[in-house]
Student: 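The structure follows.
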Amino acid sequence: MTVPTISLNDGNQIPQLGFGVFLVEPDEAERVVTDALEVGYRHIDTAAIYKNEEGVGRAIAASGIPRDELFVTTKLWNEDQGTESAHAAIDRSLERLGLDYVDLYLIHWPSPTRGKYVESWKAMEQIKAAGKARSIGVSNFHQHHLDEVIEASDTVPAIDQIELHPKFAQTQLRSYGKDKGIAIEAWGPLGQGKYPLFELPEITSAAEAHGVTPAQVVIRWHLQHGIIVFPKTNSRERAQQNFDVFGFELTDAEMSAIDGLDDGTRVGADPDTATF
Ligand SMILES: NC(=O)C1=CN([C@@H]2O[C@H](COP(=O)(O)OP(=O)(O)OC[C@H]3O[C@@H](n4cnc5c(N)ncnc54)[C@H](OP(=O)(O)O)[C@@H]3O)[C@@H](O)[C@H]2O)C=CC1
Ligand SMILES: O=C(O)C(=O)[C@@H](O)[C@H](O)C(=O)CO
């Protein structure tokens, strides 16, 4: 199975379908990521705050997969924003992962009460220049946060990783990203299981029509919109199911019906008001 890649604004490529590990317990991470790599995933999304970088790193090391065939993302946690602390944080993440570089390093949240995301972005530029991250980007940034870092630096973020699913489709930010050359990644692509997406008739009817599961329909909706997506699961069977999404295509009518579900329902925090 060849997963399509998306070209980033710095010339690098990212596999459009990956595997996320938020809420994968540290002692489960090696097994879960080993399963994912055996299924065929080559793009893993972790973060310092997930406390599972060591397990991710052990799974990568044990897999024997050449480093240049993998795409590994981690993130700068809010408490580590700032110049010196960001440099120290990437070094700690690389050590935990057992890697010389990550493919993508993201500022996890703007965390506006700290007032350090512009300074942190300049540190990200230095981290990229030092070869510790091949690409750099942000997460949970609204358009005004993006405008600010673009204005204040020499680098347009390669990626913005944002909450995005059929109930919170982020059409405005996706369109802004397209204009600026910022690729969009979806977090909570399945609504984190908190929102019962899988019972909505727009999704179940498409699943029945194609003989697939509602989760596969939702992942396909992301892919057909050009969004980078990395559903999380602890289950090897679901990991396999979520990867098996290239044998069918949603029709324009099915895509439009799912687009129509967007009503601004978030499952996570609003980046402008989050206090962590
Ligand atoms: N930048 C940020 O601020 C954030 C980034 N992320 C990243 O995005 C990734 C994905 O988002 P995440 O928050 O994990 O949520 P997801 O939308 O991927 O949902 C995960 C939930 O869906 C369930 N699930 C997965 N596959 C299936 C399936 N085929 N059928 C039914 N249920 C399924 C999982 O359960 P089970 O494990 O039991 O299968 C889990 O409860 C994260 O893992 C993380 O890497 C996430 C949140 C915030
Ligand atoms: O999962 C992430 O990547 C997040 O940023 C958040 O869910 C965060 O870890 C959190 O739990 C904040 O309360």
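Whatever order the structure lists ligands and atoms in, that order sets their numbers, starting from 1. Predicted model, so just to flag it, every value in this text is computed and none were measured. Residue indices begin at 1 and follow the sequence shown.
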Student: Within the 4.0 Å heavy-atom shell around P231, which atoms of ligand 1 are there?
Tutor: 18 (O)
Student: Under 4.0 Å from any heavy atom of Y50, which atoms of ligand 2 are there?
Tutor: 1 (O), 2 (C), 3 (O)
Student: Does the side chain of E53 pick up a donor-acceptor pair with the side chain of T46 at under 3.5 Å?
Tutor: no
Student: At less than 4.0 angstrom from any non-hydrogen atom of F276, what atoms of ligand 2 do you find?
Tutor: 12 (C)
Student: Decide whether an N or O pair under 3.5 Å exists between K75 and ligand 1.
Tutor: no
Student: Please report the shortest heavy-atom distance between V267 and K194, naming the atom on each side.
Tutor: O-NZ, 3.2 Å
Student: Can you confirm whether something in the protein, heavy atoms only, sits under 4.0 Å from atom 12 (C) of ligand 2?
Tutor: yes
Student: Tell me whether R134 forms a cation-pi arrangement with F71, defined as NZ or CZ under 6.0 Å from the six-membered ring centre and within 45 degrees of its axis.
Tutor: no
Student: What closest approach, in Å, do V56 and I44 show between heavy atoms, and which atom pair accounts for it?
Tutor: CG1-CG2, 4.0 Å
Student: Which class fits the ring pair H210 and F248: parallel under 30°, tilted 30 to 60°, perpendicular over 60°?
Tutor: tilted
Student: At their closest point, which heavy atom of A133 faces which heavy atom of Y105, and how far apart are they?
Tutor: CB-CB, 3.8 Å
Student: Please check: side-chain N/O of Y176 versus main-chain N/O of L146, any donor-acceptor pairing under 3.5 Å?
Tutor: no
Student: Write out the residue and atom name of the closest protein heavy atom to atom 39 (O) of ligand 1, then the distance separating them to 0.1 Å.
Tutor: T233 OG1, 2.5 Å
Student: Can you check which of D244, V24, V218, N242 brings a heavy atom nearest to atom 29 (N) of ligand 1?
Tutor: N242
Student: On the 0 to 90° scale, with breaks at 30° and 60°, tag the Y117-F141 ring pair as parallel, tilted or perpendicular.
Tutor: perpendicular
Student: So if I count the atoms of ligand 1 from 1 in the order they appear, which ones are less than 4.0 Å from some heavy atom of N140?
Tutor: 1 (N), 2 (C), 3 (O)
Student: Find all atoms of ligand 1 within a distance of less than 4.0 Å from any non-hydrogen atom belonging to G191, and give their numbers and elements.
Tutor: 17 (O)
Student: Do any nitrogen or oxygen atoms of G188 come within less than 3.5 Å of a nitrogen or oxygen of ligand 1?
Tutor: yes
Student: Which is it for L23 and ligand 1 at heavy atoms under 4.0 Å: side chain, backbone, both or neither?
Tutor: neither
Student: Looking only at protein heavy atoms, which one is nearest to atom 27 (C) of ligand 1, and how far off is it?
Tutor: R238 CD, 3.7 Å
Student: Grab the two heavy atoms, one from M255 and one from W221, that are nearest each other, plus how far apart they are.
Tutor: CE-O, 3.6 Å
Student: Taking all non-hydrogen atoms of both residues, which atom of L8 and which atom of A158 are closest, and how far apart?
Tutor: CD2-O, 4.1 Å
Student: Is Q216 reaching over with its side chain to a backbone N or O of Q241, donor-acceptor style, under 3.5 angstrom?
Tutor: yes
Student: Would you mind running through ligand 2 and noting each atom that sits below 4.0 Å from a heavy atom of W109?
Tutor: 4 (C), 5 (O)
Student: When you measure from atom 9 (O) of ligand 2 to every protein heavy atom, which one gives the shortest distance, and what is it?
Tutor: F22 CE1, 3.7 Å
Student: Using heavy atoms and a 4.0 Å limit, tell me yes or no: is G268 in contact with ligand 1?
Tutor: no
Student: Among all protein non-hydrogen atoms, which one is nearest to atom 41 (O) of ligand 1, and what is the separation to 0.1 Å?
Tutor: Q192 O, 4.2 Å
Student: For atom 45 (O) of ligand 1, what is the closest protein heavy atom, and at what distance to 0.1 Å?
Tutor: D45 OD1, 2.6 Å
Student: Return the closest protein heavy atom for atom 46 (C) of ligand 1 as residue, atom name and distance.
Tutor: W187 CB, 3.7 Å
Student: Among all the protein's non-hydrogen atoms, which is closest to atom 5 (C) of ligand 1, and how far away is it?
Tutor: Q161 OE1, 3.0 Å
Student: Can you sort out which atoms of ligand 1 are near H108, meaning under 4.0 Å from one of its heavy atoms?
Tutor: 1 (N), 2 (C), 3 (O)
Student: Which atoms of ligand 1 are found less than 4.0 Å from any heavy atom of A215?
Tutor: 28 (C), 29 (N), 30 (N)
Student: Go through ligand 1 atom by atom and flag the ones less than 4.0 Å from a non-hydrogen atom of F230.
Tutor: 7 (C), 8 (O), 9 (C), 10 (C)
Student: Please list, in number order, the atoms of ligand 1 under 4.0 Å from a heavy atom of F198.
Tutor: 30 (N), 31 (C), 32 (N)
Student: Considering only protein heavy atoms, which is closest to atom 8 (C) of ligand 2, and at what distance to one decimal place?
Tutor: W77 CH2, 4.1 Å
Student: Is a donor on one side and an acceptor on the other found under 3.5 Å between the side chain of R31 and the backbone of N234?
Tutor: yes
Student: Just to confirm my output: which protein heavy-atom neighbour is closest to atom 4 (C) of ligand 2, and how far is it?
Tutor: H108 NE2, 3.5 Å
Student: Please tell me whether S111 and Q81 have a donor and an acceptor in their side chains that are separated by less than 3.5 angstrom.
Tutor: no
Student: Spell out, as yes or no, whether a donor-acceptor pair under 3.5 Å connects the side chain of N140 to the backbone of H108.
Tutor: yes
Student: Quick one: do the D272 and H144 side chains pair a donor with an acceptor below 3.5 Å?
Tutor: yes
Student: Give me the one residue out of V72, L37, L17 that meets side chain to side chain contact (heavy atoms under 4.5 Å, CB included) with R42.
Tutor: L37
Student: To which protein heavy atom is atom 14 (O) of ligand 1 closest, and what is the distance rounded to 0.1 Å?
Tutor: K232 CB, 3.1 Å
Student: For L164 versus A169, what's the shortest heavy-atom pair and its separation?
Tutor: CD2-O, 3.7 Å
Student: Should you measure from each heavy atom of Q241, which atoms of ligand 1 turn up under 4.0 Å away?
Tutor: 28 (C), 29 (N)
Student: What protein heavy atom sits nearest atom 43 (O) of ligand 1, and how far off is it?
Tutor: F22 N, 2.9 Å
Student: Going by heavy atoms, is W109 under 4.0 Å from ligand 1?
Tutor: yes
Student: With a heavy-atom distance limit of 4.0 Å, tell me whether P189 approaches ligand 1 through its side chain, its backbone, both, or neither.
Tutor: both
